Amino acid sequence: MRSPKDFFAPLALGAPAPVREIPVTPSRMIHFFDPGNEKMAAKVPDIAKKVDVLLGNLEDAVRADRKEAARAGLVAIAKANDFGKTQLWTRVNSLDSPWVLDDLITLVTEIGDKLDVIMVPKVEGAQDIHYVDRLLAQLEARAGLTKPLLVHAILETASGVANVEEIAGASPRMQGISLGPADLAASRRMKTTRVGGGHPGYLVRTDPAGEDLTEDRTTYQQDLWHYTVARMVDACAMHGILPYYGPFGDIRDVVACEDQFRNAFLLGCVGAWSLHPVQIDIAKKVFSPSPSDVAWARRVIAEMGDGTGAVMIDGKMQDDASVKQCRVVAELADALAADDPELAAAYDAATKEVLG
Ligand SMILES: CC(C)(COP(=O)(O)OP(=O)(O)OC[C@H]1O[C@@H](n2cnc3c(N)ncnc32)[C@H](O)[C@@H]1OP(=O)(O)O)[C@@H](O)C(=O)NCCC(=O)NCCSC(=O)C[C@](C)(O)C(=O)O
Ligand SMILES: [Mg+2]
């Protein structure tokens, strides 16, 4: 284990100094595209204007015989475009694959100055992050980069979940973690066949009213991902990095997608993945606090003065802890509104209604 004193020292001579704090910029949706797919790539400049994060995916969902094309496509797209405030991320192939070494060498060398975050799939423990950490430092030094690349891990193996706290704290490069429900289900030998979302068989049933167990009894579908998302959120919060729900594979079911995203938002996640253009607006809606919640939060903050003591607002007790929650919502709203005049106007109009 490295000494805590060395934690923020560069891992290669000439590599940029690691960041001390993870930048918290909007990342409500991480929009996935295959850079080797010409139809998708053609849409990227327009999509970039609507999303917080664009991610060139090189791993699963890219056919084995299209891996080089995807990598070359991402280099070409990054060189040809300036995406302004929209971040550019990539998901490289897994560390046991024949492609990842060339992914990292090519991307850092060719477009390391354009990339913000490198997403690493199938992370099993801190050792995987340490490997990427040192290699990135060597490549950054060789490429003369001045800003360190950040690393995002996908939580999609049983050992990754068991080791999630050490993964979150494995390097100052760690930017965040996303849930990978499909690989995680396979790794755990869950008996689902879906990419995220619920399952009608995972339920609880009300007790019988009498002796007849066969009578109609209400059932409630449960969230298969609650434990993992909650654990991931705690690990990320503990280490000052950001948690994300991952993909929702039933593209057609925009209603259940919104529900799953909202569960993650309420539990502490900052964003989710959009796999198809139709999921972009869902993520934007869900991961931007609602105007009425923002107005309420601003009212509680205003009425709580220095933030201590207890007051009654509309019959509800507010104290030091509730004002802290309200600050989380209000600060997120301010950060999002700073770049979005429409959202800013909606928040201000709702606030005016309650505060006058
Ligand atoms: C689902 C698919 C096949 C449906 O693709 P489609 O072409 O059949 O759909 P469509 O509705 O007909 O598409 C309409 C138009 O939008 C385009 N389009 C469609 N999607 C996109 C996109 N993302 N970005 C930009 N453009 C897109 C598409 O090319 C088409 O263009 P056209 O009108 O010119 O014909 C397609 O949307 C797709 O391939 N999406 C990305 C899938 C992906 O990245 N999967 C990997 C992430 S999930 C994962 O890996 C799991 C995880 C975490 O690892 C774990 O849980 O283990
Ligand atoms: Mg996966």
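Just so we're clear, the structure is a prediction, and the values are computed from it rather than from any experiment. One-based numbering, in listed order, for ligands and for the atoms of each.
Listed by number with element, the atoms of ligand 1 under 4.0 Å from a non-hydrogen atom of Glu156 are 52 (C), 54 (O), 55 (C), 57 (O). Counting atoms of ligand 1 from 1 in the listed order, those under 4.0 Å from a heavy atom of Lys39 are 29 (O), 34 (O), 35 (O). Which parts of ligand 1 touch Gly180 is read off a 4.0 Å heavy-atom cut-off, strictly below it: atoms 53 (C), 55 (C), 56 (O), 57 (O). Proximity to Pro277 (heavy-atom distance under 4.0 Å) selects the following atoms of ligand 1: 18 (N), 19 (C), 20 (N), 21 (C), 22 (C), 27 (C). Short contacts between ligand 1 and His31, defined as distances under 4.0 Å to a heavy atom of the residue, involve ligand atoms 22 (C), 23 (N), 24 (N), 25 (C). Close approach to Asp60 involves these atoms of ligand 1, each under 4.0 Å from a residue heavy atom: 46 (C). The atoms of ligand 1 that sit less than 4.0 Å from any heavy atom of Asp183 are 54 (O), 55 (C), 56 (O), 57 (O).
When heavy-atom distances to ligand 1 are checked against a 4.0 Å cut-off, Val44 has no atom that comes that close, whether in backbone or side chain.
Between Met40 and ligand 1, no pair of N/O atoms sits closer than 3.5 Å. Taking any N or O of Pro181, backbone or side chain, at least one lies under 3.5 Å from an N or O belonging to ligand 1. Any N or O atom pair closer than 3.5 Å counts here, and Phe32 shares at least one such pair with ligand 1.
Looking at atom 43 (C) of ligand 1, its nearest protein heavy atom turns out to be Ala61 CB, 3.7 Å. The protein atom (non-hydrogen) at minimum distance from atom 51 (C) of ligand 1 is Pro247 CG, 3.9 Å. Ranking the protein heavy atoms by distance from atom 28 (C) of ligand 1 puts Lys43 NZ, 4.6 Å first. Of all protein heavy atoms, the one closest to atom 49 (C) of ligand 1 is Arg91 NH1, 3.8 Å. In terms of protein heavy-atom proximity, atom 37 (O) of ligand 1 is nearest to Leu275 O, 3.3 Å. His276 CD2, 5.0 Å is the protein heavy atom nearest to atom 2 (C) of ligand 1.
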Checklist entry - Can you check salt bridge (charged side-chain N to carboxylate O under 4.0 Å, His left out) on Asp250 and Arg194, steps first, answer last? => result CA-CA 8 Å; Asp250 191 344; Arg194 306 168 168 211; over 6 Å; no

Checklist entry - So Gln87 and Ser27, side chain to side chain donor-acceptor pair (under 3.5 Å) or not? Walk me through it. => result CA-CA 8 Å; Gln87 299 172 60; Ser27 48; 5.1 Å; no

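Looking at Glu165 and Met238, their side chains come closer than 4.5 Å, going by heavy atoms from C-beta outward. Residues Val323 and Gln318 are not in side-chain contact: their nearest non-hydrogen atoms beyond the backbone lie 4.5 Å or more apart. You'll find the side chain of Ile118 stays beyond 4.5 Å of the side chain of Leu107, heavy atoms only.
In this structure, atom 25 (C) of ligand 1 is in close contact with the protein, since a protein heavy atom lies within 4.0 Å of it. Protein non-hydrogen atoms do not reach within 4.0 Å of atom 5 (O) of ligand 1. At a distance under 4.0 Å, a protein heavy atom can be found next to atom 57 (O) of ligand 1. Inside a 4.0 Å radius of atom 12 (O) of ligand 1 there is not any protein heavy atom.
A salt bridge between Arg298 and Asp348 is present, with a side-chain N of the basic residue lying under 4.0 Å from a carboxylate O of the acidic one.
With respect to the Mg ion (ligand 2), Asp183 has OD2 as its nearest N, O or S atom. The closest approach of Glu156 to the Mg ion (ligand 2), by N/O/S atoms, is made by OE1.
The main-chain N or O of Gly36 is found under 3.5 Å from a side-chain atom of Arg66 such that the two form a donor-acceptor pair. Although no hydrogens or angles enter the test, the distance criterion places a donor-acceptor pair under 3.5 Å between the side chain of Thr90 and the main chain of Gly56. No donor-acceptor distance shorter than 3.5 angstrom exists from the side chain of Asp46 to the backbone of Lys49, with no hydrogens or angles considered.
The only member of Lys50, His31, Gln279 that meets side-chain hydrogen bond (donor to acceptor under 3.5 Å, both in side chains) when paired with Ser274 is His31. A side-chain hydrogen bond (donor to acceptor under 3.5 Å, both in side chains) with Ser178 is found for one member of Trp273, Tyr244, Tyr245 and no other, namely Trp273.
The nearest N, O or S atom of Glu59 is not closer to the Mg ion (ligand 2) than 2.8 Å. Within the coordination shell of the Mg ion (ligand 2), defined by N, O or S atoms under 2.8 Å, Asp60 is absent.
By the 30° and 60° cut-offs, the orientation of the rings of Phe287 relative to Phe261 is tilted.
For Gly246, the heavy-atom gap to ligand 1 stays at 4.0 angstrom or more.
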